[in-house]
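Given the structure is predicted, the values throughout are model-derived calculations rather than measurements. Counting from 1, the numbers follow the sequence of the chain as shown.
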Amino acid sequence: MAAAGGLPASATLLLLVIAAVAVAPLASAVRPVSDAHRSAAAELFAASPDGSFGDLETTYEAVRTFQILGVEKDKGLIGKACKFAAEKLASSSSSPAKDLFHAARISGVLKCSVDSGVYDDVATRLKAVIKDTNSLLELYYSVGGLLSIKEQGHNVVLPDADNTFHAIKALSQSDGRWRYDTNSAESSTFAAGIALEALSAVISLADSEVDSSMIAVVKNDIVKLFDTIKSYDDGTFYFDEKHVDAAEYKGPITTSASVVRGVTSFAAVASGKLNIPGEKILGLAKFFLGIGLPGSAKDFFNQIESLSFLENNRVFVPLVLSLPSKVFSLTSKDQLKVEVTTVFGSAAPPLRVNLVQVLGSDSKVITTETKELQFDLDNNVHYLDIAPLKIDVGKYSLVFEISLQEQEHETIYATGGTNTEAIFVTGLIKVDKAEIGISDNDAGTVESVQKIDLQKDTSVSLSANHLQKLRLSFQLSTPLGKTFKPHQVFLKLKHDESKVEHLFVVPGSARQFKIVLDFLGLVEKFYYLSGRYDLELAVGDAAMENSFLRALGHIELDLPEAPEKAPKPPAQAVDPFSKFGPKKEISHIFRSPEKRPPKELSFVFTGLTLLPIVGFLIGLMRLGVNLKNFPSLPAPAAFASLFHAGIGAVLLLYVLFWIKLDLFTTLKYLSFLGVFLVFVGHRALSYLSSTSAKQKTA
């Protein structure tokens, strides 16, 4: 197969099919947490054959994710997880603070039954760690474990909360980040998140109010931390490390999750409101939702838990604007539908959604007329008919503006003001003024022109020689009458005898698509193959609902004879499955049977065959055969009878061999009969021998 312009024909056809049926790629859709996340959780956190999820940290991440998403697990798995946690809590004296921290949280999520005395020992162990360490991670695990025990209904108090608060705060830096310990030279954004979470636990465990001035300082640190946040052009915000060792680098998902947990936890226990812009909280929500479905269990847990903290927090609850569908058909007159919900899909408070601007794919403003979307209370969607927007097929960016109806909600929810969503519009493309004909190479005059209808297969019949040209032209227009340029337009010529195919890109101008094939310059590419060529036209685009691959008819080409060194047509690929198809019918005539002898002659030879048997019987009679020596005792008589019966069976086997059995089957049966005859014959002859010896002695 050959293609013009150096394009592999098979790859080109594949692109054509994809363009005709696929939706053009759009920006990553931001959608609330859905059932797809629940299915992914079951796959990513699948239990091992022994019913465990791994170590304590992985087990907690699994059960916590299931709890947030409302995924029910087998009671046997829950029982094993509780047993795993209880065993670690029972050995608190020898367990590190990290293991006790995760074990206590597993017990809290699954509501495991743990003896109060065990928790008392764990609390004592964790308080001792707090007193002796200056490590941020050890402090985080210890106060976090104590808080988890307290949340399960046990009386836990941190006696020296102010000192613990100061010990954690002493590790903070001027830019809002934290060090892991006093010996660390580098500060970390991830460490800032766990430090804030640890400080919130200290406040919750304190037996009296923590110094308000210190809380104010931490609030200021949080503001500085958010000054280091990074962003994308679409309003997505995220945290990442600046300068840390490769071993300590956590990545944007883990780092952002740590900050979200820390900030929301601190905001929940600190008085007053944190001075964080609502668009940054909304941007973090977009970051986690824009991930889609992470491929690793760790990233998935960080995504889901972070979104659960953002779903209900005291800073700002992000409201996410999303489109159930980003592809709209002008033919079907689809409505533009917009959903505004929390990150887990809960209904938003009363608000208005306005479409304030429509931008084309080249960022050109299509319209700036503000249109308010209607609200469907039953389905919780805002909708708008797209027909009045006067938009054509193609890609567009819609700019929405969200405004809360009640003023008091503005301090609770973050809408981001304006939101931009990319959409794709499809429609029926009008195909007209299609003509095909043959023209002379020199004068350019057209000998024959035929108007064709490209909405259906046609069967034009053309003929040309190497001094002529094939001309094809047509126009494409959008539903609004504008010139349309699809992604792929190809003309294919296929030689009927050799099956060699040739593809040509049909160029398009501002008004029409037109191609002229000069056969004089193509004889070598056509391998000098004269004869019939089938014509096909392929037009495809993702926005074109009526993309087509249309048969146009055929052309008879009269090309000159090929010179000696002319290239040969390429060998056509063999279908690997063709060997499984129907085979060619085999015609065969059997030879005539040979002439047989007369029937009387056959009877004569049969009689001669039976003569030995007759001679055998006569011989027995002449010898005077009798049964005088046949044993009279029961056992010898039985063996003698079986011996004679065996001989009869051998004779019968010879007859069966003559009639129906093959040689190998006969030998198999004869081997069994031979063994049987040897055994019974030996017993019978032994009796006769002993009887004869006794008579001679007598």
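- In this pair, H495 and Y533 present their aromatic rings tilted. The plane angle is within the 30 to 60° band.
- Under 4.0 Å is where a charged nitrogen must lie from a carboxylate oxygen, and between E241 and K250 no such pair does.
- Using a cutoff of 4.0 Å between basic side-chain nitrogens and carboxylate oxygens, R471 and E435 are not scored as salt-bridged.
- Of the inter-residue distances, the one linking L517 atom CG with S439 atom OG reads 10.5 Å to the nearest 0.5 angstrom.
- Taking the charged nitrogens against the carboxylate oxygens, K494 and E536 have no contact shorter than 4.0 Å, which rules out a salt bridge.
- At a threshold of 4.5 Å between non-hydrogen side-chain atoms, the residues V71 and F45 do not count as touching.
- Side-chain contact between L319 and T342: present, with at least one pair of heavy atoms (C-beta onward) separated by less than 4.5 Å.
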Report task. Begin with the C-alpha distance, continue with both residues' side-chain angles, and end with the deciding distance and a verdict on side chain to side chain contact (heavy atoms under 4.5 Å, CB included) for L470 and I438. Result -> CA-CA 5 Å; L470 172 67; I438 302 297; 3.8 Å; yes

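- The 12-atom threshold is exceeded at CD of E410, counting heavy atoms of other residues, nucleotides or ligands nearer than 6.0 Å.
- Between Q303 and G292, the shortest heavy-atom distance links the atoms NE2-O, 2.9 Å.
- Between L293 and S34, every side-chain heavy-atom pair lies at or beyond the 4.5 Å cut-off.
- The aromatic rings of F239 and F226 stand perpendicular to each other, their planes meeting at an angle above 60°, with 30° marking the opposite boundary.
- For the pair R532 and E556, the salt-bridge criterion is not met [side-chain N within less than 4.0 Å of a carboxylate O].
- Because its NZ or CZ atom is both nearer than 6.0 Å to the ring centre of F316 and within 45° of the ring axis, K273 counts as a cation-pi partner of that residue.
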Report task. Walk me through it: do F504 and L522 pass the test side chain to side chain contact (heavy atoms under 4.5 Å, CB included)? Result -> CA-CA 11 Å; F504 300 91; L522 295 173; 4.2 Å; yes

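- Here the CG-CG distance, from L557 to N465, works out to 9.0 Å after rounding to the nearest 0.5 Å.
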Requested in this report: Report the C-alpha distance between D392 and F484 in whole Å, list the side-chain angles of each, state the deciding distance to 0.1 Å, and finish with yes or no for side chain to side chain contact (heavy atoms under 4.5 Å, CB included).
Outcome: CA-CA 10 Å; D392 215 338; F484 180 72; over 6 Å; no

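- For the pair H554/S461, a side-chain contact is recorded, criterion being any heavy-atom separation below 4.5 Å from C-beta on.
- A heavy-atom distance below 4.5 Å is found between the side chains of I68 and E305.
- Taking the ring centroids of F288 and Y238, they lie at or beyond the 6.0 Å cut-off.
- Taking OG1 of T264 as the reference point, atom CG of L310 lies at 6.5 Å (rounded to 0.5 Å).
- Using a 4.5 Å heavy-atom threshold, the side chains of F287 and P252 count as touching.
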**Report entry** Pair L472-L552, side chain to side chain contact (heavy atoms under 4.5 Å, CB included): steps then yes or no
**Finding:** CA-CA 11 Å; L472 172 67; L552 303 181; 4.3 Å; yes

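- Between P350 and H409, the closest heavy-atom pair is CD-CE1, 4.2 Å.
- Considering CG of D234 and CD of E421, their distance stands at 9.5 Å, rounded to 0.5 Å.
- Between V399 and V358, the closest side-chain pair of non-hydrogen atoms is not below 4.5 Å.
- Contact annotation: the side chain of Y383 never approaches that of L336 to less than 4.5 Å [non-hydrogen atoms, C-beta and beyond].
- Residues R352 and S403 have side chains that never bring a donor and an acceptor to within less than 3.5 angstrom of each other.
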